[in-house]
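This chain uses plain numbering: 1 for the first residue, then up along the sequence.
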Amino acid sequence: MVEFGKKLKERQIDEWRRYYINYKLMKKKVRQYAQQIEAGVLERRHVLKDFSRMLDYQIEKIVLFLLEQQGLLARRIAQLDEWQKEIQQQPDISQITELREAYRAVGQDLLKLLYFVEINAVGLRKILKKFEKRLGYQFTNYYVKTRANHPYSQLQQVFKHVGLGAVVGAISRNLGELQDRQGSYLSIYDQPSLPVQDPIIRSLNAAVDRLTHSTNFLNFLAQHAFIIQEELPASTDEEAADQKYHLMSLLLNLGNTFLYMVNTYIIVPTADDYATSLGAAATVCGIVIGAMAVAQIFSSVYFSAWSNKSYYRPLIFSSIVLFLGNIMYALAYDLNSIGVLLVGRLFCGLGSARAVNRRYISDCVPLKIRMQASAGFVSASALGMACGPALAGLLQFNFKIYKFTVDQNTLPGWVMAAAWLVYLVWLCISFKEPSHDDLEENVPNVSNAGEPSTIDVLEKGLKQPLLASSQEKPEDEDDDQEDGSEEAMQESRLPANSLQSAYRLLTPSVKVQLLIYFMLKYVMEILLSESSVITSYYFHWRTSSVSIFLACLGLTVLPVNVIVGNYISNIFQDRQILLASEVVVCIGVLFSFHLVSKYTIAQYVSSGLIMFVSAEVLEGVNLSLLSRVMSSRLSKGTYNGGLLSTEAGTIARVVADGTITLAGYLGESRLLNITLMPSLFLCIISIFATIRTYNSLY
């Protein structure tokens, strides 16, 4: 990973060089603070005061220069406005052309100023993160809240860029009036649906979009996707992404995500009935459901490696394997073989291409729409999770075609096999393989881990400016060391080449975040996988009732994310939301226990809803925090941070499904409480680990 300080130096405009944030000086100062505190020379309050003063000076320098440049641009536009009034009195084509070029020249200078704001905002965020990382102080919240909310705040100029927006509007309006000059003098305000076609306006709008291109909702959804977005991408990188982008291929990629989630959850309402029809206990449904997760542990690794070279071939392989797996799942009834049933589910797990789905969005979707594509990935997953059980509830038929039985148990297999066959044909016809010319020579700079937009902090306005955004890679620890050979520096930035080396890069805080991820996935899997057995035993629910319950749980994902992304995340810190969500999950688990004589539907449904919703909130916030504390060496390569989190979640699902099956040997009457005990234990452990870890940082 290229050090940010080098990027800053390379991309500075020479004549403006002294007005940029002095990132190198501040980085050295942070290192000095760490050494002096370790030696006992400085106290914490002196460090905070001195660093705050230094930041204030840097921001003031940036803002005063920004205002000066805005004034110069405004003066030039005012002069051009006077010229335009003269031309309107006596129109002349040559003068109109000359005037249009003059406005475009102003637009080019405005583009430079927009990029000046962007790169300084990134630098401010990074130095705040580096300060917290090296010194262990939670400084960002204090600094942002005291500066951003002050009536004389200079941060507002940097992160609201209202003045720059007015300049963009002035240039757009005037170029719009000069456009074509075919007798129409309507303003852009009179015809907002007709965009100005001038290239400079499109460039300006794209630059502004890079600062404020995503809403809080999309940002929060993208946390779940855990998809990287590079900070300060080079223009050549953006052009390459634009060339790789193919809308139909993106839709096919999201279609794979949707179908896989449907495939995962469509059997949940009927898995217990299918197991009993083959002579096994109802609780064997845990193994049937979990077999897919077992195979996914291995498929995640080879799909992650395969995506270094191709996207098309892994998706083809995934579709074929899932087609065969569903055929075996459906045939198991007529073959009267629980083994065939389990092998079919294993095949389905081996077709899990979610690593490819994430990688494709990270690699081949342009930055300007990558956040929307990431949100689409999460939305497709949530929709598939809801549609799977709902579809199972509709497949209530019982007939035979030749010797093949078609009923509520086998229909999920037949339907999904047909769906994957149709998808395979569509994939072969419409998918366009992007170029992979450079992937073999360069270490891939992608992962399942998420990274915010170019300056993601801007989109949250003044409520959370400069706060580390949803998916932020920490800089490599070696970024702070300026001594040593270039070869050693390059080696220190190489990605992990095995799971063992990746694990060695995990810090205690990362391990806590992975523990939380394991816990929430375990709790959710217990709730979903044993739902058919529990509801059948206590409430005598039929398959359709279980399907409705599970579908309703899945449909809560997007509304909850709207609330959290648009409101809660703007009021509370991520760590506060994290701890609160863990506590609520624990309350939901406690409320689920059968401790009184009668276990009611209201108790089960309400406790399940509390657990599921709070776990969904916890997942997004946890992935956000996880990406901030993870080494940058885990942001690329096959064995990346996203793979580790995926493996942690998948192993949690396997353990949960195994727990259900083992607990079933003690009887269905004890199943609920026995399976909830590990959930409660994990919740308590994760809460204490969270408190201990983050208290040590204050």
Original post:
If you look at every heavy atom in R354 and Q296, which pair is closest and at what distance?
Top reply: CD-NE2, 4.3 Å
**OP:** Of all the heavy-atom pairs spanning A380 and F258, show the shortest one and how long it is.
**Re:** O-CD1, 3.6 Å
Original post:
Taking all atoms of both residues into account, what is the closest heavy-atom pair of L520 and A615, and its distance?
Top reply: CD1-O, 4.1 Å
Original post:
Looking at S529 and C285, what are the two nearest heavy atoms and their distance?
Top reply: O-SG, 3.9 Å
Original post:
Is the backbone of L427 close enough, under 3.5 Å, to the side chain of S430 for a donor and an acceptor to pair up by distance?
Top reply: no
Original post:
Going through the checks in order, is the side chain to side chain contact (heavy atoms under 4.5 Å, CB included) test met by Q513 and T690?
Top reply: CA-CA 8 Å; Q513 302 303 142; T690 300; over 6 Å; no
Original post:
Say you draw a straight line from CG of L579 to CD1 of I577; how long is it, rounded to the nearest 0.5 Å?
Top reply: 11.5 Å
**OP:** Kindly compute the distance separating CG (L342) from CE (M328), expressed to the nearest 0.5 Å.
**Re:** 11.0 Å
Original post:
What closest approach, in Å, do G290 and D657 show between heavy atoms, and which atom pair accounts for it?
Top reply: CA-OD2, 2.9 Å
Original post:
Would L553 and L527 satisfy side chain to side chain contact (heavy atoms under 4.5 Å, CB included), going step by step from the backbone distance to the final call?
Top reply: CA-CA 11 Å; L553 288 181; L527 172 65; 4.1 Å; yes
Original post:
Is a side-chain N or O of S686 found less than 3.5 angstrom from the main chain of C683, in a donor-acceptor match?
Top reply: yes
**OP:** Look at the side chain of S299 and the backbone N and O of G349, then say whether any donor-acceptor pair between them is shorter than 3.5 Å.
**Re:** yes
Subject >> Plane angle bin for Y312 and F431 - parallel if under 30°, tilted between 30 and 60°, otherwise perpendicular >> reply: parallel
Original post:
Got a second to check how far S581's OG is from E616's CD, nearest 0.5 Å?
Top reply: 11.0 Å
Original post:
Are any non-hydrogen side-chain atoms of S307 and Y360 less than 4.5 angstrom apart?
Top reply: no
**OP:** Measure the OG-CG distance between S319 and N256 for me, rounded to the nearest 0.5 Å.
**Re:** 6.0 Å
**OP:** May I ask you to decide if the ring planes of F317 and Y302 are parallel, tilted or perpendicular, using 30° and 60° as cut-offs?
**Re:** perpendicular
Original post:
So, do R358 and T646 sit near enough that their side-chain heavy atoms are less than 4.5 Å apart?
Top reply: yes
Subject >> Min side-chain heavy-atom separation P389-V268 under 4.5 Å >> reply: no
Subject >> Residues which pass salt bridge (Lys or Arg N to Asp or Glu O under 4.0 Å) with E525, listed by chain and number, not counting sequence neighbours >> reply: R653
Subject >> Side chain to side chain, V356 and W306, heavy atoms closer than 4.5 Å >> reply: no
Original post:
Under the side chain to side chain contact (heavy atoms under 4.5 Å, CB included) criterion, do R345 and N263 qualify, and how do the steps go?
Top reply: CA-CA 10 Å; R345 288 295 287 178; N263 212 145; 4.1 Å; yes
Original post:
Would you call V510 and L514 a side-chain contact if the rule is heavy atoms closer than 4.5 Å?
Top reply: yes
**OP:** Indicate yes or no for a side-chain donor-acceptor contact from Y423 to the backbone of L252 under 3.5 Å, with no hydrogens or angles considered.
**Re:** yes
**OP:** Enter the distance from S318:OG to L322:CG here, rounded to the nearest 0.5 Å.
**Re:** 4.5 Å
Original post:
Can you check whether Y522 reaches S679 side chain to side chain, under 4.5 Å on heavy atoms?
Top reply: yes
**OP:** Calculate, to the nearest 0.5 Å, the distance between atoms CZ and CG belonging to F377 and L254 respectively.
**Re:** 8.5 Å
Original post:
So, for L315 and A353, which heavy atoms are closest and what is the spacing to 0.1 Å?
Top reply: CD2-CB, 4.2 Å
Original post:
Can you check whether M416 reaches Y260 side chain to side chain, under 4.5 Å on heavy atoms?
Top reply: no
Subject >> Student check: side-chain heavy atoms of V523 and F612 closer than 4.5 Å >> reply: no
**OP:** Report the C-alpha separation of S300 and E647 in whole Å, then their side-chain angles, then the decisive distance to 0.1 Å, and conclude whether the side chain to side chain contact (heavy atoms under 4.5 Å, CB included) test is met.
**Re:** CA-CA 8 Å; S300 296; E647 294 292 84; 3.5 Å; yes
Original post:
So, does N622 use its side chain to make a donor-acceptor pair with the main chain of L618 at under 3.5 Å?
Top reply: no
**OP:** Please confirm whether the backbone N or O of L528 pairs with a side-chain atom of S531, one donor and one acceptor, at under 3.5 Å?
**Re:** yes
